[in-house]
Structure formats: C-alpha cells, structure tokens
Amino acid sequence: MCGIVGYIGQETALDYLLNSLRVLEYRGYDSSGIAVYSPKAGIQILKAKGKLSNLIDLTEKQKIAGQVGIGHTRWATQGAPSDINAHPHSNAQSEIVIVHNGIINNYLALKEELINQYKIKFTSETDSEIFAHLIGVFTEQGLGLKEALQATIQKIKGTYALAVLSKKEPNKILLTCHEAPLVIGLGKNQDLFCASDSSALMQYTDQIIRLKDAQIAELGENGKWVIYDEKGIVINPEIQTLTLDPLLMDKGGYKHFLLKEIHEQPAILRKLLGVHLSDDLQIQFPKLDPKVLKGINRILILGCGTAYYAGMIGKIVLESLAQIPTELEFASELLARPSVLADEKTLVIAISQSGETADTLLAVKTALKKGARLLAITNRPESSLANLASGACILTQAGIEVSVAATKSFTAQILCLYFLAISLSETNKGLPEKQIEWIKQEMRYLPQIMEQTLSRAENYKKKILPYATKKAFIFLGRGLNYPIALEGALKLKEITYIQSAGYAAGEMKHGPIATIDEGVPTFSIITPGPLYHKTLHNAIEAKTRGAPSLGIVVDEDKEASQELDALFYIPTLPFSAEYEHLQDLFTPFISVIPLQLSAYYLAEYLGKDVDQPRNLAKSVTVE
Ligand code: AGP
C-alpha cells in the first residue's frame, strides 16, 4: 500500500528517494512523487501516475538538486489514481508540502471548514491535501512548523504516517504518525532517512527508531534528530537494529520474485524446524514467555486473506491435536462480533506476514482492550503487530516476501501453528504421547518432500497451460485441503485475474455446481486420508456435468488418477498404518505447491504483472 520515504543529509536527496521508492514498489501502488528542497529552486515537486519509471522519466528531464526531500508511492483510496491526486501535496502558497499514508475520517468536515473559513481551494480529490492546508493555516497564524503540526493532528481523526517539508523552515523533515508505521533510519555519515517500511532503509542503515503514535520527529542537518512525545516533551527513544537481509530483495536468477519465493519454501521450513524442534524432539519457542500459553481454555485466530487461510488450518490442528476449542474470524469482521471475545483465558493468535495489516491491528487492539492474551505469528519482528504483542511472537523466518501474492509466508505460518498445536497438545494432554512423537519425527521430512514436489515444476507447467484460456476455475478440497482450495483460488485470481472460487468439496452440489460447464475447470485436491473418496466423488460429479477435471493426487494413487483429465502428482506423504487418522496431517504443506506454481505459470503465460498485480498492495494499511 502507500509508501513514504525521506532523506536529509550531505548527498543528493533525489537518488536516495528514488532508490527507496524502488524498494517500496513491491507493496503495490498506482502513482508516485517526490518533493526536494534546495535554496536555489525552493521546493520542487514531481509526480506521475503509473509505474515509478514514469516519475524517473520526469526526473531525467528536470534537474532536481537539494539535500532534503520526501517521496511517496500512492495506492488510491480517496480520489482516483492520477497525476493530480499523487503525493506530495502542498498548500496554496506551496510552502507546506506533505506525503501521507492513511485515511482522514473527518475529511469532509475539515474540508468544509478550510473552504468556508479560509477560502482555500483544493487541487486534488484526496483527503491527504487537508494536512498541507491545515499546517499552512496554523503557520500563517504564526506557529512554528512543529507547533503547527501539533495543532493539526489535534484536529485530525483517522490514521496517518506523515512527512512534512516547509519552505519557511527548509532544512528539516517533520514526521508524525497514528496507527500507521513510520521508521527513522540513522545513517553513518550524518544522513537521516525515514520510511513507512523498514525494508526501504536496509540498503543504508541497520539503526532504526520506530516512531510511536502522536510522537513528532524532527530530522535536521548534520545528522541531528529529536523526538517529542504528544505533550511536546523531548524523549529518548529506543534505537533498534534492523535484521533484514538486503539479498532477499534480489530475484536470484528467477524471472519473478514469486517463483523465487515459492522455491524458498523448503529452506524456510528447514530453518523453522531448526529453531523450534530440537534434536531430541522438544518443541521450543525461544522468545516466547511460557506464561502466554499457560492455562488457556479457548483460542481465537485472527487474520486476513492468506493469513486467514493459514488460520483455518491452524484451527483444525489446534482442535485435533491440542483439543482446545478454537474460533477463527476475519480480522475485519471481529468488530461486528464483539461478544466473540471471551476472558483472559482466551488466547488470541493474530497471523500477519507484514504485521502492518490495518484490519488485523484494529482487531488485535480491540481484543487487548477486553483483556485477551495475544500471540502474534508474523514475518516482521519490527512490525506494529510484533510491538503490540510485546515479545509474544512466533516469527515465521521467511525473509522479506516481495511478491504481493503470499506463498512462502503461508507455509511458514502453517508450520508455526503446527508447532503451537503440538506444544499445547503436550501441556494440555491432547493427543496420546506416542502419536505426538510420530508427528514430530515425520515433520522433519517436510522440507525434503517439498523439494521433491518443487522439482516437478516443469511438469505442473505442462499440465496447467492448456487451461490458460478458461474463463473461471473452481477449487475443491475437504478438511485440511479446504483452506488449500481457498488459497489456490486466491492465488489464481490475484495474479491471473481469472475468476476463481474455492469450496469445501461437499458444498459443491448445494449451489456452485450450477456454474460449471466446459469453460470452468475444477481443480480438486484428492489426497489419501479419511476424506479421499468423498472428495473424489465430488470431483466426478463436476466432471460428469462437463467441467474439465484437474486433480492433485499422490504418486501411488490408483482411483482418482483414472477419473480425472489432468493429474498433478505429489510425492507420497508420511503415513503410519497405526495412526490412519493422521494420514492427511501434512498434506497442506505439499498440496499447496502445485496450486502456487499453476497460478504462477498461468500468470506468466498470460503476460500479467506477476509480482505486482493490478489493484493489490502487499501490506494493506487501510481498513
Ligand atoms: C495474499 O496473497 C494476499 N496478498 C493477501 O490476502 C494477504 O495475505 C493479506 O492482505 C494479509 O496480509 P498480512 O499477512 O500481511 O496481514
């Protein structure tokens, strides 16, 4: 979603701004812009709709000098994507220039006030422009820039990360935020940076300060910075060390980040197993205070999109292994179900790759207010979610996920949930000890089975491409493969834009079957386990009504392979005749891979923007 960057130091600001905006491209955006101050030219603003390359073209035509500047990538919320609506925005005198992430809820009332009382003319359709005018009104009344910003945020209701430049106080950048992330980077040569996503800073520094709600930061010359709390008192903030690996922002020889990230999954699972499963098969959470899990009698899982589907799998394994009643809710729907939150014996598990998803953060804050305990499963230790969880975190260790479509973070989230389910099963006396031992032993082979599955990528490609022109797809699965069907449908629609839906296979004949014909293939996950035959019959029912039938089956499959049109074989999964009821336990980690790869190969074949699909953002920071 929208991204903010800023630079003040000894060097040419433009280079830093463009480099940082390039890093933020992965978050998804529809326009971009920069503002740079120089004593000669004042504040120069350039902005352009579309890809960052359009902005770069503009900067090549016009000389932009200056050592202080701010930049933005915009994902439209209020006002269509256009040159005019792109940030930065300025006040009428072009003295105050701002970039903003977030939404002003009382925008209409403030706009009316500015028009009626101060005769201000708005140039864009955005709510963000309000910030520039309000700060301008207060500086006109004689306030200094910091005081004007303080007065402005008193009037704003909504969410914001904001960076401000001013012609009157030119050699500084002012920053503030409320429920939107903003990070300051302390460079080595008296350079100061800011960004809404720390990944934009990692090429310059690993020393960062996370700005907290209502604080104001002033970044000045010669590396001087100061941070004020909401009362205007100077504070001594915590300086954190960033642990992101810049190499992960490289495609490493793959055509797209998505393909690279799909192939990274075995290594990530191996790393997670190394952290959480000791050689003597003890589950460990090195950074988790055991108090968080003690005495819980109910679990509520929250997430959005792919993280929610990981939560669906989590619900099944937590209930079947730990035998703790577990509810699951879309973070965005929790507000509509306030009674869903129980007492302090309820553990809320918030799952979020970015740790910055606005819906998830809001749901978590609501839960915390009611006394719930929080455990975060996130990929970003420095994120707002990790901060809210104050250390009660399981990190997915997946490294930066650049492609908008989540893949490696999904399988990593599931594995973390399995660790949790096993550990709670042990303390809660869920499954018998012997069965838990078997699970722990077998899960160590997952990375290897994933590698074998990934080595079949070219075969999956051959199998899926004949269906590239189909108008829609239906994904079917039961039990642990139902969330995988939903995830397969989400991946396909996100990156190919082909209509696709996932259903619990048993639901097919209660409605969705009416939509199928020869233009709508069904993609069924028919892997061994108690639900095998039921799923197979659902696939056949669709086939007999004209739908081309694709299926994921295991190598030694005997029945489904005779019925379907296209077979996506996966390696045989761990099995013990003694524990037949656990036969499908590991399936999701493997069955998702042909679906991820199929979505990728179709999108690539159709010439879509695989890593940055239209209209989508990597981290959805508005509700
Ligand atoms: C997944 O492919 C999507 N891009 C999206 O559904 C994503 O999983 C969702 O927005 C949640 O993001 P988070 O994990 O960063 O909270």
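Whatever order the structure lists ligands and atoms in, that order sets their numbers, starting from 1.
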Item checked: Under 3.5 Å: N/O of T360 near N/O of ligand 1 -> no

Notebook entry, point to check: For Y497, does the OH atom sit with more than 12 other heavy atoms under 6.0 Å from it, leaving out its own atoms?
Noted result: yes

Next item on the list: Identify, by atom number and element, the atoms of ligand 1 in contact range of A405, meaning under 4.0 Å from any of its heavy atoms.
Entry: 2 (O)

Next item on the list: Calculate, to the nearest 0.5 Å, the distance between atoms CG and CD belonging to L201 and E382 respectively.
Entry: 10.0 Å

Next item on the list: Could you tell me whether K51 and D609 make a salt bridge, using a distance below 4.0 angstrom between a side-chain N and a carboxylate O?
Entry: yes

Checklist line | Nearest non-hydrogen protein atom, atom 2 (O) of ligand 1 | finding: E494 OE1, 2.6 Å

Note to self: Taking salt bridge (charged side-chain N to carboxylate O under 4.0 Å, His left out) as the definition, give me every residue that meets it alongside K462, ordered by chain and number, with sequence neighbours left out.
What the structure shows: none

Margin query: For the 3.5 Å polar cut-off, considering only N or O atoms, please tell me whether Q413 and ligand 1 meet it.
Written below: no

Next item on the list: First locate atom CG of L269, then atom CZ of F589, and finally report the distance between them rounded to the nearest 0.5 Å.
Entry: 6.0 Å

Margin query: Please find the pair of heavy atoms, one from L550 and one from P521, that lie closest to each other, and give the distance.
Written below: CD1-CB, 3.8 Å

Checklist line | For atom 11 (C) of ligand 1, the protein heavy atom that lies nearest, with its residue and separation | finding: C304 O, 3.3 Å

Check: In the protein, what heavy atom is nearest to atom 15 (O) of ligand 1, and what distance, to one decimal place, separates them?
Finding: S354 OG, 2.7 Å

Check: Looking at G305, which atoms of ligand 1 are within less than 4.0 Å of one of its heavy atoms?
Finding: 6 (O)

Item checked: Residue T306 vicinity, atoms of ligand 1 by number, heavy atom under 4.0 Å -> 1 (C), 2 (O), 6 (O), 8 (O)

Next item on the list: Among all protein heavy atoms, pick out the one at the shortest distance from atom 12 (O) of ligand 1; state its residue, atom name and that distance to 0.1 Å.
Entry: T357 OG1, 3.5 Å

Note to self: For atom 14 (O) of ligand 1, what's the nearest protein heavy-atom neighbour? Residue, atom name and distance, please.
What the structure shows: Q353 N, 2.7 Å

Notebook entry, point to check: Is the distance between the ring centroids of Y467 and F523 under 6.0 Å?
Noted result: no

Checklist line | Atoms of ligand 1 close to A406 [distance to a heavy atom under 4.0 angstrom, numbered from 1] | finding: 1 (C), 2 (O)

Check: So which heavy atom in the protein is nearest atom 10 (O) of ligand 1, and how far is it from that ligand atom?
Finding: V620 CG2, 4.0 Å

Next item on the list: Would you check whether K491 reaches within less than 4.0 Å of ligand 1, judged by its heavy atoms?
Entry: yes

Check: G355 to ligand 1: N or O pair under 3.5 Å?
Finding: no

Checklist line | side-chain hydrogen bond (donor to acceptor under 3.5 Å, both in side chains): pairs with one or both residues in residues 206-215, sequence neighbours excluded | finding: Q207-T241, R210-S384

Check: Is it the case that R456 places NZ or CZ above or below the six-membered ring of Y569, under 6.0 angstrom from the centre and within 45 degrees of the axis?
Finding: no

